[in-house]
2 protein chains.
Amino acid sequence: MTLTPYYKDGCSTIYHGEALTTIPNLEGLDAVITDPPYSSGGMFKNERSRPTVSKYVQSRTKAYRPEFAGDTRDQRGFLAWSTLWMTAAYHASVEKAHLLVFTDWRQLPTTTDAVQAAGWLWQGVNVWHKSTSRPRPNAFRSDAEFVVWATKGRMGKQDNKTATYSPGTLKASPPRERAHITQKPTEVLEWLMSLLPEDSLICDPFMGSGSTLLAAKNLGHRCIGVELSEEFCDHAVGWLKEPRGSGAH
Amino acid sequence: MTLTPYYKDGCSTIYHGEALTTIPNLEGLDAVITDPPYSSGGMFKNERSRPTVSKYVQSRTKAYRPEFAGDTRDQRGFLAWSTLWMTAAYHASVEKAHLLVFTDWRQLPTTTDAVQAAGWLWQGVNVWHKSTSRPRPNAFRSDAEFVVWATKGRMGKQDNKTATYSPGTLKASPPRERAHITQKPTEVLEWLMSLLPEDSLICDPFMGSGSTLLAAKNLGHRCIGVELSEEFCDHAVGWLKEPRGSGAH
DNA sequence: GCCGAGAATGAATCCATCC
DNA sequence: AGGATGGATTCATTCTCGG
């Protein structure tokens, strides 16, 4: 089966479609960096099944943000689904490829299970410390988002001359103006790409607004984005053509 | 069975013995805050009979840990053992008590499993960002230690007047002059105690050098420490009597 | 250009209320 | 009764704007 790109230029490709059916058509990936739907937002079914806008957004101005799909799975469903797409990503990747998956504290153990079930070698947990989070009385604030890091096989000997050293924890605030609820600061994505050699081929199977593609472009990598919602595909295309408000300065 | 304290003063009590057999004799705990051995260290005789020098020189957190993809019996053993002491701690605690357990990334999923298996309500994952870790070439540094947070039952209504707001992520380096290698910064322990009402009863079933007892004392709480190694017990007693180099300033 | 004051915001959570 | 909906709450940080 041949895929038809929704958009394509020198370094960016966007496919409009489902991750599970699209990833098996890809190959030669050096890294998979993505922020899948967490299916969090509550411990109970009725809370999870609320629309993402009402689950997650609560601001006075109520800026419009599109709904995103696939956020209603229960624990077992989330594990099974995660294992499926991660297995597909594994087969589409080259040896020693990197996998970097965002998750919140509730799904962290399930995500590490899925990563390993899919054949990846779990290497660690990175922390994105976002200082702008809502306070909770008599509780610890959940002001961290986690990134499960894994590789395809062992990394082997490294040349210390050209070696890269990256922190496992980064503090950064979400961008002021976001199209997607979960839109990441470019800084965070560039951090996660810091281990990659030049001109790597990256894939983000849950592209959203397209931050991963933009960060890859900034760093001189190629990137393939997959997104189910046409609204987000549109946004990403416009953003790639004219990255206004990209947060870069 | 009545326990005989190894040491006791107004706010601190130390029992020299095993956590599993000691905790069932305790009651009325408002919080359990501890850094258990991550591997099976302390569970088996060969670990316990190691020479004093290696116990003191080698950090407990750097102890041998099984390869992840390897034999899973150690993982299962760790889960079973963790569930046992956490269950005992649950029964020794009052309603709405807090549980705060240090763990590293490898044992984080097993720890959250054990916490929930023991009946505690998992509330989140705190991050201690310690900037003093060894860099690895071509890798993300593991510069974070995790703290699994849980409570005994739901927390219910909170009074907003007297409510406490605590961060979920803290950056702190170990004090330059440490009385003991395994010592955590007092700052970190005081952070974890920040949700507790005055004069709470805390328990650290894996006391080590006694940082938890010292932090509790600083904040006006009572604390019970349990420790298998007599050397550690001795050290803690000396430290409580004269807290030189405690990191407090 | 730098600094200080003021405003806006958050993958939240609890709880009352309605259907 | 039980599931779904909507309102109120809160502070650290960032952003904006004016002097």
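Side chains included, hydrogens not; waters and symmetry mates left out as well; all remaining heavy atoms used.
- If you check every strand for non-hydrogen atoms under 4.0 Å, A/S173 touches sugar and phosphate atoms only.
- Put simply, A/Y38 rests on the base of C/dA11: the two rings are less than 5.5 Å apart at their centres and nearly parallel, under 30°.
- The CD atom of A/Q183 sits 12 Å away from the P atom of C/dA11 (whole-angstrom rounding).
- C/dC14 atom P lies 12 Å from atom CG of A/N138, rounded to whole Å.
- Annotation: A/W120 is in aromatic contact with A/Y90 [ring centroid separation under 6.0 Å].
- Nearest to the side chain of A/P135, among D/dT5, C/dG10, D/dT13, sits C/dG10.
- One atom, CZ of A/F78, and another, C1' of C/dA11, lie 12 Å apart when rounded to the nearest Å.
- Looking only at side-chain heavy atoms (C-beta outward), A/N126 and A/L192 come within less than 4.5 Å of each other.
- Comparing C/dA11, C/dG10, D/dT13 by their closest approach to the side chain of A/R65 singles out C/dG10.
- Atom CZ of A/R136 is separated from atom P of D/dC11 by 15 Å (rounded to the nearest Å).
- None of A/Q183, A/E231, A/H235, A/E227 except one satisfies the side chain to side chain donor-acceptor pair (under 3.5 Å) rule with A/S209; the exception is A/Q183.
- Atom CZ in B/R154 sits roughly 9 Å away from atom P in C/dC15 (whole-Å rounding).
- One can place CZ of A/R134 at 10 Å from P of C/dT13, the figure rounded to the nearest angstrom.
- Two residues, A/E145 and A/R50, neighbour DNA chain C, and the one matched to the more 5' nucleotide by heavy-atom proximity is A/E145.
- Using a 4.0 Å heavy-atom criterion, one finds that A/T182 contacts the bases of the nucleic acid, with or without backbone contacts as well.
- Candidate nucleotides D/dT5, D/dA12, D/dT13 were compared by shortest atom distance to the side chain of A/R141, and D/dA12 ranks first.
- When both distances must be under 3.5 Å, the Watson-Crick or G-U wobble mate of C/dA11 does not exist.
- Contact check on A/K184 versus A/D35 returns a salt bridge, with a Lys/Arg side-chain nitrogen under 4.0 Å from an Asp/Glu carboxylate oxygen.
- Note on A/D143: nothing from the nucleic acid sits closer than 4.0 angstrom, heavy atoms only.
- Between B/D30 and B/K96, no side-chain nitrogen of the basic residue sits less than 4.0 Å from a carboxylate oxygen of the acidic one, so the salt-bridge criterion is not met.
- A close approach under 4.0 Å does occur between a side-chain nitrogen or oxygen of A/R106 and OP1 or OP2 of C/dT13.
- At the heavy-atom level, B/P167 lies nowhere under 4.0 Å from the strands shown.
- Between A/K184 and the phosphate of C/dA11, there is no side-chain N or O to OP1/OP2 separation shorter than 4.0 Å.
- Checked against C/dT13, D/dT5, C/dA11, the side chain of A/P51 finds its nearest nucleotide in D/dT5.
- No engagement by A/F102 is indicated, since no non-hydrogen atom pair under 4.0 Å with the nucleic acid exists.
- Contact check on A/R222 versus A/D199 returns a salt bridge, with a Lys/Arg side-chain nitrogen under 4.0 Å from an Asp/Glu carboxylate oxygen.
- Atom CZ in A/R176 sits roughly 10 Å away from atom C1' in C/dG10 (whole-Å rounding).
- Rounding to whole angstrom units, OH of residue A/Y64 and P of C/dT9 are separated by 18 Å.
- Within the nucleic acid shown, A/P185 has no heavy atom closer than 4.0 Å to any nucleic acid atom.
- For D/dT10, there is no paired nucleotide, since no Watson-Crick or G-U wobble pair has both relevant distances below 3.5 Å.
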